[in-house]
Amino acid sequence: MSVGLYDLMHVLTYKGMFLNATGARSTYFWLVARLTESIGLLIYILNRTPKKRVSRVLGSVCLTIILIVIMKWGDSLPAMLTPDGGLTPLKITVEYFVCSLNFAALFILIYKSHSEEVEKRSNLSNALLLLLISELFFTMYNNIYDIDNLAGHIFKFLGYIFILKNILIKNLHEPFKKIASGFQYFNTVFQFAPVGLSIIRISDNQFLEINHCFTNYLGLLGEDVIGKTPLEVGFNAADWTKILDYAKNNKSHSVATALGNLEISLEREGSITGIAAISAETIQLGHEECILMSLTDIKELKSLHTEMVRLDRLNLVGQMAAGIAHEIRNPMTTVRGYLQLIGEKTQDMGQKSTLHFMIEELDRANTIIKEFLTLAKSHKPNYQVFNLNTLLQNLHPLIEADSFTQNKHIRFTPGDIPDIGISPKDITQMVLNICRNGLEAMSEGGCLTIQTYKKNHTVVLAIKDEGHGIPKELLEKLGTPFFTTKESGTGLGLSICYKIAKSHNARIDVLSSPEGTQFLISFPLQSMLISSD
C-alpha cells in the first residue's frame, strides 16, 4: 500500500499534474517507492516480516513523515534530474542501490529454494528478475522520454504481475488447497470408517450425509437414503423418538452428555432386519443443528451372547451330569456283582442267558459313562518329547491283534519325522479310537494303513481304511458328542479324539470317498513347550 501511495504521489506531482510545482518532488516519490518496494521484498524473502498491526503502524508513520518531508522541503532537496530531463549521479546511485537490493533478494531466494514451494519461488524469482532489469533501464536513459525509460516501466509492470500472482497464490490458492485437502481427508475418513456414520438435520429429520458402512448395513443405495428420514429407511419409531429427544434436550455438545450404545431394531415390511447399537452427538454445521450418529451392527454379537449364555448353561448341566454319572457307576457296580453271583448259583439256562444279557447291558452303560467322563473332565496332559513312530511301534501289536481277530490287515509305514511334544497316554487313546473305528468300517480282508511323514512345519499321522466312506452331509458332524453312524456306538470316541487334538494344537482333516476314509492329524513342530523337569 505504501508503494502504491508513493507511486500515486509520483504521478500527481509530475509535470502538468495537480500537485506539480517544480517536478522535483515527483522523482523523490519515485525513488522512495522503489526503495520501499525492494526493502519490503527483501524483508519478506528473509521471513522477517513483523506482525500485521506493527507493519500498519510503522508503515503509516513512515508514510506520513516521508509525505510531509517531500511535500514541504522537496524543492530544497538535491536535484535528481538535469534541466534537460537527464539523470544526475545521485539518482543513478540510488537506482543502483535499488538494483543491489533486488539482486540480494534474488540471490537469497535462490539459496533458500530447497525449502520453498516451486510455484511461489518461481513467481518471486521472475518478479525480482524483471524489477532488476527495470531498475537497470532506469539508470540508462538520457531523457525521460527515451525508449529506455518506457522499457523500464514495462518491465516494472510485468514484475508487479508476478508479485500479484504470488500474493494470490499465498492468500487464495494455498488456503483453498488446504481447505480442499482437509475436506478430502475428512471425506475419506468419513466414508471408509469401519462403523456406520450419518449426519441428520434436526429441523426436518433428513439425512444429509451417510458413509458406505451405513448404506451397506441398511442394504440401500446412498441416493435412496439421503433426503429421507430415519423412519423411512427402517428405524423404529420408539427408538428414533429417544434419539430425537436426546438431541433436542442436549445443547452442550459435550462428550459427557453424548448418547452412547442405544440398542435399536431396524424394521422393513413389518419384520426386523437388523439390530444395531447407536451413538449420537449434536453438532453445529453452519447455521444448522445436526445429529452425528454412528451405527454398529450387533446382530452377530447378540447371537454370540445368546450362544454363550446357552453354552454356559450347557457347561453347568455337563458338570452336573458328570457328577451324577460318576455316582451312578457305584450302584451299577453293586448290581453287576449281584447279577454275576445269581448267575453262578442258578441252574436255569434261560435265567443264565437273561442275566448274561443284563450284565452286558450294564457293561455297555458303564462304557458310555466312562467315555462321557473322559470327554467331560478337564485334565492337564503330561507332555513329553516323543517320537510318533516309537509310540505307533509300541501300539502295533495291539492293533494287529484286533485286526487279526476280524480277519483284516494292518500296514504301518513310518516316515522320517522329528520328535515333538505330546502326551503319549492321550495320543495312544486317540490312535486306538481312530484305528478301531477304521477296522469296524471295513469288510473282511480290508487293510488299515498307518503312515507318518513330515509336511512343511508339521508332523502328519495318516490313518486310512478301506471302508465304504462317510456321506458328505455327515462329515461336518464328526466329533459332535453322541453322534455316531454305528449301531452300537456311543458317539463319544471321536469327540475325545478331537478334544485331544485340540489340547495338542493339532488339526484333524477327514478325507472320505466310496473307496475309504482317511484321517490326517497334523501336529505343529513348535506346538508344545516341554519343561526341563
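Counting heavy atoms of neighbouring residues, nucleotides and ligands inside a 6.0 Å radius, atom CG of Asp416 does not exceed 12 of them. Other residues, nucleotides and ligands contribute more than 12 heavy atoms inside 6.0 Å of the OH atom of Tyr453. Heavy-atom neighbours of Lys464 NZ from other residues, nucleotides or ligands within 6.0 Å: at or below the threshold of 12.
The two atoms that bring Glu444 and Gln406 nearest to each other are CG-O, 3.8 Å, heavy atoms only. Across every non-hydrogen atom of Ser403 and Leu439, the tightest pair is CB-CD2, 3.9 Å. Counting all heavy atoms, side chain and backbone alike, Phe162 lies closest to Asn123 at CB-O, 3.5 Å. Shown here for Leu285 and Cys290, the closest heavy-atom pair between the two residues is CD1-SG, 4.0 Å. Here the closest heavy-atom approach between residue Arg201 and residue Glu288 is recorded as CD-OE1, 3.3 Å. Taking both residues in full, the closest heavy atoms of Asn389 and Phe412 are given as O-CZ, 4.2 Å, listed atom of the first, atom of the second, then distance.
The backbone N or O of Leu221 lies less than 3.5 Å from no partner atom in the side chain of Thr215, so there is not a single donor-acceptor pair. Judged by distance alone, with hydrogens and angles left aside, the side-chain atoms of Gln518 form no donor-acceptor pair with the main-chain N or O of Leu511 at under 3.5 Å. Of the possible donor and acceptor atoms, none in the side chain of His457 sits under 3.5 Å from a partner among the backbone N and O of Leu525. Not a single donor-acceptor pair under 3.5 Å links the side chain of Asn205 to the backbone N or O of Pro230.
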**OP:** For the pair Gln206 and Lys228, evaluate side chain to side chain contact (heavy atoms under 4.5 Å, CB included) and give the outcome as yes or no after the intermediate values.
**Re:** CA-CA 5 Å; Gln206 290 185 356; Lys228 292 186 178 180; over 6 Å; no
Original post:
Given the rule in the side chain to side chain contact (heavy atoms under 4.5 Å, CB included) test, do Leu124 and Tyr44 qualify, once you have shown the distances and angles that lead to the verdict?
Top reply: CA-CA 10 Å; Leu124 280 178; Tyr44 174 75; 3.6 Å; yes
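The side-chain heavy atoms of Tyr383 and Ser503, taken from C-beta on, include a pair separated by under 4.5 Å. Counting heavy atoms from C-beta outward, Leu295 and Ser198 have side chains that stay 4.5 Å or more apart. Between Ile399 and Ile450 the shortest side-chain heavy-atom distance falls below 4.5 Å. Between Pro418 and Val459, the closest side-chain pair of non-hydrogen atoms falls below 4.5 Å. Looking at Phe386 and Ile427, their side chains never come closer than 4.5 Å, going by heavy atoms from C-beta outward. Residues His396 and Ile410 have side chains in contact (heavy-atom distance under 4.5 Å, counting atoms from C-beta outward). Side-chain contact between Leu392 and Pro414 is absent, with no heavy atoms from C-beta onward closer than 4.5 Å. Between Ile434 and Leu461, every side-chain heavy-atom pair lies at or beyond the 4.5 Å cut-off.
Of the inter-residue distances, the one linking His409 atom NE2 with Leu448 atom CG reads 11.5 Å to the nearest 0.5 angstrom. Atom CG of residue Asp419 and atom CD of residue Gln384 lie 11.5 Å apart, to the nearest 0.5 angstrom. In this structure, CD1 on Ile226 lies 5.0 Å from CD1 on Ile210, to the nearest 0.5 angstrom. The distance from the OG1 atom of Thr413 to the CZ atom of Arg411 is 6.5 Å, given to the nearest 0.5 Å. Annotation: the span from Lys454 atom NZ to Phe523 atom CZ amounts to 16.0 Å, rounded to 0.5 Å. Separation of atoms CG (Leu292) and CG (Leu208) is listed at 11.5 Å; rounding is to 0.5 Å.
The only member of Val431, Leu432, Asp426 that meets side-chain contact (heavy atoms from CB on, under 4.5 Å) when paired with Thr428 is Leu432.
Taking the six-membered ring where the residue is Trp, Trp240 and Phe235 present perpendicular rings, their angle passing 60° and hence far from 30°.
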